[in-house]
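Structure, as structure tokens:
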Amino acid sequence: MKLIILGAPGSGKGTSAAVLREKYSLAHISTGDLFRYNIKEQTPLGIEAKSYIDQGALVPDDVTIRMVEDRLSDPDCENGYILDGFPRNIKQAEALDEMLAKTGSAIDAVVYVVTDDDIIMDRVTTRRVCEKCGASFNVKYMPSKVEGVCDLCGGNTIQRSDDNEETVAKRLATYKENTQPLIDFYQARGLIVEGNNNVDAETCIKSIEDGLAALGLK
Ligand code: AMP
């Protein structure tokens, strides 16, 4: 199964991706994570990508596309994968089509996690993340047992600097601008499977699983 997952920052996309990865034994390919790994390891790719990422800009398409093509040739992708953070625009979507066509394959479905802006705003501005292990908590909906302390590793939980109201509004606007054309692109092919995450993660996952089954994917 070859999936793409789309969803706004704070939509709950990460949670859905994790469930799908487990359920269908997929490799989870997050371009943001791949860039962060390359930056940490100071590879030539990481050094090139860092300047863009630090400015909040997108890394150039040719660099990103090469990285994804390389990653898709790894053995763990043979059983299927879920692409997270890629494609981010139509040029990348077309490049993905081309690289898959070389092996006679194609994307099976595009999972679209939909959450209303006011709910995202509420969830993201109350989110806390562990400085040490990255685990995510929420002061309103999923507080850590001891305030400010990670349940998993004992590290400090903090509010990300970009999880404030003004920045979240900007991130949402950027996301919509870039993503709507992609939704249209895949909708035209009948590949969009929607999960509504306004209520809770279980309801969202259930509708995604039903949508995938309706496309014959199990
Ligand atoms: P993310 O973790 O998905 O929010 O990505 C973090 C950063 O990595 C983004 O702000 C971009 O600078 C870069 N990035 C991730 N995915 C892509 C992509 N598909 N195209 C270009 N840049 C990307």
Side-chain angles (χ1 to χ4, degrees), residues 2-18 20-21 26-74 77 81-100 107 110-115 117 120-121 123-125 127-131 133-136 158-164 166-186 197:
K2 298 181 184 65
L3 303 178
I4 292 169
I5 189 159
L6 298 173
S11 63
K13 170 174 69 105
T15 308
S16 298
L20 295 171
R21 179 189 60 200
L26 306 173
H28 178 211
I29 301 171
S30 152
T31 42
D33 285 350
L34 284 175
F35 283 129
R36 282 183 284 274
Y37 173 78
N38 277 281
I39 290 170
K40 201 167 126 229
E41 297 295 314
Q42 299 193 329
T43 67
L45 173 81
I47 292 164
E48 185 174 0
K50 189 173 181 335
S51 56
Y52 298 97
I53 293 178
D54 282 350
Q55 292 166 37
L58 288 184
V59 177
D61 288 332
D62 57 331
V63 177
T64 307
I65 290 162
R66 251 185 292 131
M67 176 178 77
V68 171
E69 185 154 28
D70 199 43
R71 177 68 184 87
L72 291 183
S73 67
D74 286 347
C77 291
Y81 47 79
I82 183 158
L83 280 167
D84 181 352
F86 182 91
R88 273 254 212 317
N89 56 38
I90 298 292
K91 181 156 176 231
Q92 292 182 5
E94 287 170 349
L96 178 63
D97 277 350
E98 276 168 34
M99 61 177 101
L100 293 181
I107 289 296
V110 178
V111 173
Y112 179 33
V113 179
V114 182
T115 310
D117 285 2
I120 289 182
M121 188 59 85
R123 284 184 192 157
V124 175
T125 53
R127 170 160 77 181
R128 299 290 182 272
V129 291
C130 174
E131 269 184 323
C133 75
S136 198
I158 53 154
Q159 181 164 34
R160 270 170 51 169
S161 58
D162 57 351
D163 279 353
N164 63 74
E166 194 190 340
T167 313
V168 175
K170 269 193 210 144
R171 284 158 65 200
L172 284 175
T174 308
Y175 167 79
K176 279 182 198 157
E177 196 183 309
N178 292 325
T179 309
Q180 193 54 51
L182 281 178
I183 306 284
D184 299 341
F185 182 87
Y186 290 114
N197 202 19

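Only a predicted model underlies this, so the values are computations on that prediction, with no experimental measurement involved. As the structure lists them, so they are numbered: ligands from 1, and atoms in each ligand from 1. One-based numbering along the sequence shown.
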Under 4.0 angstrom from ligand 1, any heavy atom of Tyr52?
-> no

Based purely on interatomic distance, does [X] place a nitrogen or oxygen under 3.5 Å from a nitrogen or oxygen of ligand 1?
X     : answer
Gly85 : yes
Ala57 : yes
Gln92 : yes
Arg88 : yes

Is a side-chain donor or acceptor of Asp74 paired with a backbone partner of Cys77 at a separation under 3.5 angstrom?
-> no

Ile120 backbone acceptor or donor facing Thr115 side chain under 3.5 Å |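 Side chain of Thr115 to backbone of Ile120: no pair is present.
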
When you measure from [atom] to every protein heavy atom, which one gives the shortest distance, and what is it?
atom                    : answer
atom 6 (C) of ligand 1  : Arg36 NH1, 3.7 Å
atom 22 (N) of ligand 1 : Val59 N, 3.1 Å
atom 23 (C) of ligand 1 : Phe35 CE1, 3.7 Å

Answer yes or no: are there more than 12 heavy-atom neighbours, outside [X] itself, under 6.0 Å from its atom [atom1]?
X      : atom1 : value
Gln180 : CD    : yes
Glu41  : CD    : yes
Lys2   : NZ    : yes

With backbone taken as N, CA, C and O and side chain as the heavy atoms from C-beta onward, which portion of Thr64 lies under 4.0 Å from ligand 1: side chain, backbone, both, or neither?
-> side chain

Look at Asp33 together with Lys40 and state whether they make a salt bridge at an N to O cut-off of under 4.0 Å.
->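 Salt bridge between Asp33 and Lys40, a charged N being under 4.0 Å from a carboxylate O: no.
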
Would you mind checking if Arg21 and Asp84 are paired as a salt bridge, meaning a charged N to carboxylate O distance below 4.0 Å?
->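 No, Asp84 and Arg21 are not salt-bridged.
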
Just jot down the ligand 1 atoms closer than 4.0 angstrom to any heavy atom of Thr31, in number order.
->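 Near Thr31, the atoms of ligand 1 are 15 (C), 16 (N), 17 (C), 19 (N).
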
